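Below is one structure; the comments refer to it alone.
Just so it is clear, the structure is predicted and the values come from calculations on it, not from any experiment. Order of the sequence lines fixes the chain letters, A, B, ..., with proteins taken first and strands second; residue numbering starts at 1 for each chain.
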Amino acid sequence: MNATVLMDNLWVIIGTILVFFMLGGFILLEAGSTRMKNAGHIAGKTIFTAGIGAIVFWAVGYGFIYGEGNAFIGLSSFFYGDASTVEEGLTPAVDFMFQMMFALVSLTIAFGGFAERAKLSAYVIFAILFSAFVYPVVAHWIWGGGWLSEHGKQDFAGSTVVHLTGAMAALAATMILKPRIGKFNKDGSSNNLAGHNQVFTALGVLVLWVGWFGFNAGSTFGVEGGFFGFVALNTQLAAAAGAIAAMFIAWIVTRKADVPTTLNGALAGLVAITASCGFVEPWAAIVIGLVGGLIVFYSMSFFDKAKIDDPIFALSVHGVVGIWGTLSNGLFAVPELSTDIGWGQAGLFYGGGLEQLGVQTLGVVASGLYAFVVSFIILKVMDKVMGGIRVTEEEEIIGLDLSAHGSYGYPESIPPSGTEGTGSLSRIS
Amino acid sequence: MNATVLMDNLWVIIGTILVFFMLGGFILLEAGSTRMKNAGHIAGKTIFTAGIGAIVFWAVGYGFIYGEGNAFIGLSSFFYGDASTVEEGLTPAVDFMFQMMFALVSLTIAFGGFAERAKLSAYVIFAILFSAFVYPVVAHWIWGGGWLSEHGKQDFAGSTVVHLTGAMAALAATMILKPRIGKFNKDGSSNNLAGHNQVFTALGVLVLWVGWFGFNAGSTFGVEGGFFGFVALNTQLAAAAGAIAAMFIAWIVTRKADVPTTLNGALAGLVAITASCGFVEPWAAIVIGLVGGLIVFYSMSFFDKAKIDDPIFALSVHGVVGIWGTLSNGLFAVPELSTDIGWGQAGLFYGGGLEQLGVQTLGVVASGLYAFVVSFIILKVMDKVMGGIRVTEEEEIIGLDLSAHGSYGYPESIPPSGTEGTGSLSRIS
Amino acid sequence: MNATVLMDNLWVIIGTILVFFMLGGFILLEAGSTRMKNAGHIAGKTIFTAGIGAIVFWAVGYGFIYGEGNAFIGLSSFFYGDASTVEEGLTPAVDFMFQMMFALVSLTIAFGGFAERAKLSAYVIFAILFSAFVYPVVAHWIWGGGWLSEHGKQDFAGSTVVHLTGAMAALAATMILKPRIGKFNKDGSSNNLAGHNQVFTALGVLVLWVGWFGFNAGSTFGVEGGFFGFVALNTQLAAAAGAIAAMFIAWIVTRKADVPTTLNGALAGLVAITASCGFVEPWAAIVIGLVGGLIVFYSMSFFDKAKIDDPIFALSVHGVVGIWGTLSNGLFAVPELSTDIGWGQAGLFYGGGLEQLGVQTLGVVASGLYAFVVSFIILKVMDKVMGGIRVTEEEEIIGLDLSAHGSYGYPESIPPSGTEGTGSLSRIS
């Protein structure tokens with residue numbers, strides 16, 4: 001391999017490591033956004049479902065996405081087979097690893113709909129099925145040469161493939177599981193079941209932001225023209241704009257600069273720019289991120305009013321903003337840009353405009369529908385077969401740390417009864 | 001671009017990501033060093049002021065530093081303009097991103113003077129003004145071709161530009177805001193308003209240490225001669241020596257191996273070597289770090305006795321040790337070193353010796369004065385216009401999590417009254 | 001230097017930074033796996049013993065490993081001397097830094113045997129002696145041209161050198177220190193002195209996993225053939241399999257999907273593949289990791305029954321599984337693999353088979369014995385000279401945060417008496 005090809009591989013393995021690090025961000029974000037009694041469960045499940053997702057991807061996921069097949073699904077290259085030749089380009093292992101990480105991120109987003117009330121066994125089974133049959137199909141359609149890519153659907157780093165797919169699975173889960181105990185009152189009002197640790201949440205967002213440089217700029221698949229720097233710059237500016245927009249809109253509307261909203265604003269900026277980070281001017285990245293930050297604020301409020309419980313805000317951040325990100329590509333993409341900047345992969349790029357907006361819309365609708373419907377069917381069947389996919393009321397009140405895993409995540413900080421809000425609790429130490 | 005130029009860009013974008021990751025270290029360091037009731041505020045502000053700093057840098061910061069202008073300030077290249085040509089060297093985007101991160105770190109250091117008692121609105125406004133008018137001017141003087149660089153001021157990676165500038169702004173803030181409630185007693189003694197989480201603080205230091213490899217070794221701006229490795233080695237040894245020195249001096253003097261002091265020792269080693277990491281021998285890096293670790297111990301004690309409240313030790317770690325780092329360059333720098341090691345950027349290097357010590361001193365005094373005076377004026381004006389930049393006594397006692405953001409950072413761990421030491425909970429604060 | 005050599009250096013410095021980041025993983029893992037009253041101590045000691053380890057490595061460690069000497073020990077290149085020439089290959093600084101990080105990880109593993117009850121001074125002295133006389137000797141034998149490398153001992157990235165050596169020192173320490181107060185009952189049963197923060201533990205495992213890509217894939221020492229990607233893939237699959245195996249075996253046997261066991265399973269997969277990550281097929285990596293996950297579950301139970309207190313599971317994860325990893329190399333290594341994949345460093349590779357299994361066994365026995373016996377002697381002598389290396393009963397009950405460092409790690413969360421389980425503290429939830 002010549003030096004430039006080696007460098008392509010080097011950059012993509014760095015991207016791989018950064019995207020994997022995002023799972024650390026999700027541990028912090030998800031645990032911080034939920035209650036103490038589920039913290040060990042949520043942190044721990046991130047590790048073992050990363051394991052499940054990786055093994056399923058090795059077995060069938062990669063093959064369903066990138067194998068030889070048809071417009072709907074790939075059907076070869078299972079078990080890391082047929083992948084042993086080194087081509088001029090990414091080595092099979094580097095390509096395989098990078099793609100795997102995106103599947104793990106999408107699965108982690110899907111968990112948002114299960115948080116704090118799904119049976120551990122139900123989530124484990126869903127994780128396997130989602131990693132095998134939901135994510136790879138959408139990824140094949142858009143990135144693996146499937147029918148949407150043939151129509152010119154653009155998704156630079158996965159606003160649709162990764163974020164929307166995960167969010168649609170989360171939506172199916174949250175609809176079937178129903179809201180957490182205590183979330184909505186009989187009079188129609190809702191309670192804030194506040195996450196227990198904003199330092200975790202903020203650090204989680206920072207780690208995700210760091211990892212997103214691998215997610216977006218790594219999706220250049222190489223170093224040609226130093227284009228990764230341009231992609232990283234757009235990523236940075238959109239995240240910055242999203243955080244600012246969400247903070248100020250919350251501050252103005254509610255008179256408090258709500259921290260979780262601000263943090264979701266940064267994530268919204270990142271999700272929004274993911275589809276377009278290689279295709280738009282920096283000023284447009286700021287606009288895209290800024291609108292993302294505004295959308296996430298109103299979306300969070302919408303789901304609350306619609307009585308859809310979205311514990312980790314997956315529906316708003318990855319779903320609604322994922323749609324905005326995909327469509328904004330049609331509004332702001334500049335055909336000549338990636339070529340001008342010295343990046344020659346014109347094949348990836350079809351430009352903006354009304355026609356592109358139509359294709360992007362088709363992609364969102366088709367992908368979103370597929371992910372939602374298949375996830376919904378899977379979970380409905382599981383619900384019947386397993387006698388319910390939700391824990392008992394008692395288990396939910398105790399928390400999943402104790403009920404599913406046998407010990408508290410914070411054994412010295414949680415009351416032994418495991419119930420919240422009951423008078424003066426003595427603590428274990 | 002040829003392979004080596006691509007590699008320069010690759011290394012600098014990695015450095016960029018590592019420096020941005022330092023903000024995660026600051027989230028942990030700052031939140032861990034302060035009290036529970038402000039933890040969500042401090043963690044959250046790191047995210048949205050990173051956003052503010054990034055957008056201001058995009059709008060005017062880069063232009064004030066690197067634009068065409070005069071000895072005092074740059075006056076072009078605003079809004080990422082004039083930056084669209086790819087030269088033999090770093091791409092505009094990579095250069096822009098790397099420089100941006102240093103501005104964000106300096107802003108984060110400045111926050112140290114505001115901690116636990118400044119109005120959120122006041123800090124937000126100051127963040128904008130600091131990012132526009134304080135940091136860029138000093139950076140222009142030393143790195144952007146301004147008058148200090150013409151005098152031969154050396155600052156490899158920003159002991160002066162980043163650390164001292166941030167610390168001087170923190171000093172101005174802490175002088176105007178006055179000490180936190182309960183910090184100093186009427187009899188002249190002081191209380192330790194201990195940070196609430198040393199695991200956060202220690203992890204924060206580790207993350208900063210990791211990020212510092214990007215900060216220092218990334219400041220080679222490329223891979224020539226593999227010089228980055230030498231810079232990283234000096235960084236590592238200085239940090240190690242600083243940690244050891246601070247721990248032992250605390251252990252000897254106070255009979256306890258105080259954890260926060262030890263951690264500040266590691267940071268002191270890192271700050272101290274920042275100016276010289278490319279210019280000194282490894283043994284000298286150890287000496288520089290070791291002295292930094294001793295200085296930080298005595299400096300912390302000095303500010304306590306001088307009744308200057310320095311909640312996150314910004315004045316000691318980044319200010320006093322930042323000065324030591326800048327001056328030590330004059331004591332230990334070896335003219336031939338960077339050339340011998342195979343790094344040809346001799347233009348960056350002017351050697352040590354008495355003359356250099358004089359120039360370094362001039363740089364410290366001029367930069368420090370500018371940062372302090374301008375910050376002081378800004379804050380004084382704001383203090384008049386805004387009817388004070390400090391929260392009310394009640395808001396401070398409740399904590400900024402609740403008073404500024406509307407919810408606790410740890411809602412399950414903080415007493416609902418928000419006041420400490422009341423009720424049947426006996427706790428230390 | 002030509003572009004490929006520069007890239008080799010670039011990749012290894014990235015590996016260096018990733019391995020150093022593993023210390024952040026250990027801060028979280030070790031603090032999370034132990035009790036609140038020791039959290040500041042454990043987090044803080046990671047920083048200053050990293051400092052000690054780095055300075056000792058600079059002074060004598062590197063020289064004992066890689067200096068000119070004999071089959072037992074190296075005897076030159078102390079104080080970064082004789083290391084100033086830039087060869088076609090890694091620069092001295094990059095090579096030095098990368099090797100240093102492995103020494104720091106091994107030291108951190110050794111701490112596992114000291115946790116929650118050793119005198120701070122005892123651990124500090126042991127850290128110096130271990131870094132000077134234990135780790136470098138084993139590393140010289142296997143990596144520095146010593147007698148085991150002459151016999152063809154293979155250890156791609158340190159299952160034996162780093163993990164087993166650290167674990168054997170931990171075993172010596174835990175045997176001399178005896179179990180923690182309250183760990184074992186008079187009737188032979190044991191108590192679970194549960195770690196206080198599973199979010200820390202889980203995040204720690206994720207950070208270690210991320211860092212392990214540097215540990216293993218960085219041990220290619222360069223980019224030739226893009227081989228690092230293949231090594232990273234094996235690392236990923238083994239970790240995934242280990243996590244899954246440990247979770248399911250715990251779930252099946254104990255009826256609870258224990259979180260700490262699951263997390264140790266991921267680490268077990270990582271430790272196990274460390275010796276073989278460049279020598280086996282991906283399916284074999286899965287088998288190696290899976291068996292590692294099963295072993296760690298039974299090993300944890302074994303030490304509990306044997307009344308050997310292993311607070312951070314160092315003996316099981318790094319010791320027993322480190323042995324499995326070293327031996328599995330003899331079972332699964334494929335001679336042609338690294339050559340086929342385009343990686344030409346055939347000299348590093350001796351293949352699998354019975355003969356290799358014999359050499360691996362010899363390596364494990366000799367290295368393990370050396371590390372254990374020397375550590376045991378050092379600690380026994382210290383025990384006599386220092387009047388014991390364990391803190392007093394009172395200090396242990398209060399916790400080392402207060403007794404050794406003078407302040408709690410969590411001053412707002414720990415009862416002021418410092419004793420656990422006394423009084424009824426009310427808290428909110």
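Residue contact with chain B, scored on non-hydrogen atoms closer than 4.5 Å, involves the backbone and the side chain of A:L203 alike. With a threshold of 4.5 angstrom between heavy atoms, B:A54 approaches chain A through its backbone and through its side chain. Contacts of A:I14 with chain B are made by side-chain atoms alone, with heavy-atom separations under 4.5 Å and no backbone atom involved. Only the side chain of B:M100 comes within contact range of chain A, with heavy atoms under 4.5 Å apart. For a residue to count as touching a neighbouring chain, one of its non-hydrogen atoms must lie under 4.5 Å from one of that chain's; by this rule A:A266 touches chain B with the side chain only. Residue B:I42 does not touch chain A at all, counting heavy-atom pairs closer than 4.5 Å. For B:M101, the part lying near chain A is the side chain, with the backbone staying farther off; criterion is any non-hydrogen pair under 4.5 Å.
With chain A as the partner, the residue from B:G44, B:G24, B:A50 showing the most heavy-atom pairs under 4.5 Å is B:G24. Per-residue counts of heavy-atom pairs under 4.5 Å with chain B were compared for A:V231, A:L206, A:I286, A:V259; the largest is that of A:L206.
Residues A:V199 and B:A31 share a closest heavy-atom pair of CG2-CB, 4.1 Å. Here the closest non-hydrogen pair linking A:K256 and B:L402 is NZ-O, 3.9 Å. When all heavy atoms of A:T4 and B:A3 are compared, the closest pair comes out as OG1-CB, 4.4 Å.
In this structure, the side chains of B:V124 and A:W251 come closer than 4.5 Å at one or more pairs of heavy atoms. Residues A:L10 and B:L10 meet the side-chain proximity criterion, which asks for heavy atoms closer than 4.5 Å. The side-chain heavy atoms of A:L233 and B:Y80, taken from C-beta on, include a pair separated by under 4.5 Å. The shortest side-chain heavy-atom distance between A:S413 and B:E412 does not fall under the 4.5 Å cut-off. At least one side-chain heavy atom of A:W11 sits under 4.5 Å from a side-chain heavy atom of B:I13. Residues A:Q198 and B:S407 form a side-chain contact, since some pair of their non-hydrogen atoms from C-beta on lies under 4.5 Å apart.
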Worked verdict on A:F230 versus B:V94 for side-chain contact (heavy atoms from CB on, under 4.5 Å): CA-CA 7 Å; A:F230 183 77; B:V94 168; over 6 Å; no
Given A:W209 and B:F20, is the ring pair (Phe, Tyr, Trp, His ring centres under 6.0 Å) satisfied, shown in steps? CA-CA 9 Å; A:W209 192 331; B:F20 186 69; 4.9 Å; yes
Are B:F200 and A:F200 close enough, and set up right, to give a side-chain contact (heavy atoms from CB on, under 4.5 Å), and what steps lead you there? CA-CA 10 Å; B:F200 283 175; A:F200 283 175; 3.7 Å; yes
Between A:F213 and B:F21, is the side-chain contact (heavy atoms from CB on, under 4.5 Å) condition met? List the steps. CA-CA 11 Å; A:F213 290 123; B:F21 187 37; over 6 Å; no
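Expressed to the nearest 0.5 Å, how far CG of A:L6 lies from CE of B:M7 amounts to 9.0 Å. Taken to the nearest 0.5 Å, the CG atom of A:N197 stands 5.0 Å off from the OH atom of B:Y410. Note that the CD1 atom of A:I244 and the CD1 atom of B:I128 stand 8.0 Å from one another [nearest 0.5 Å].
No hydrogens or angles considered: nothing links the side chains of B:T16 and A:Q236 as a donor-acceptor pair under 3.5 Å.
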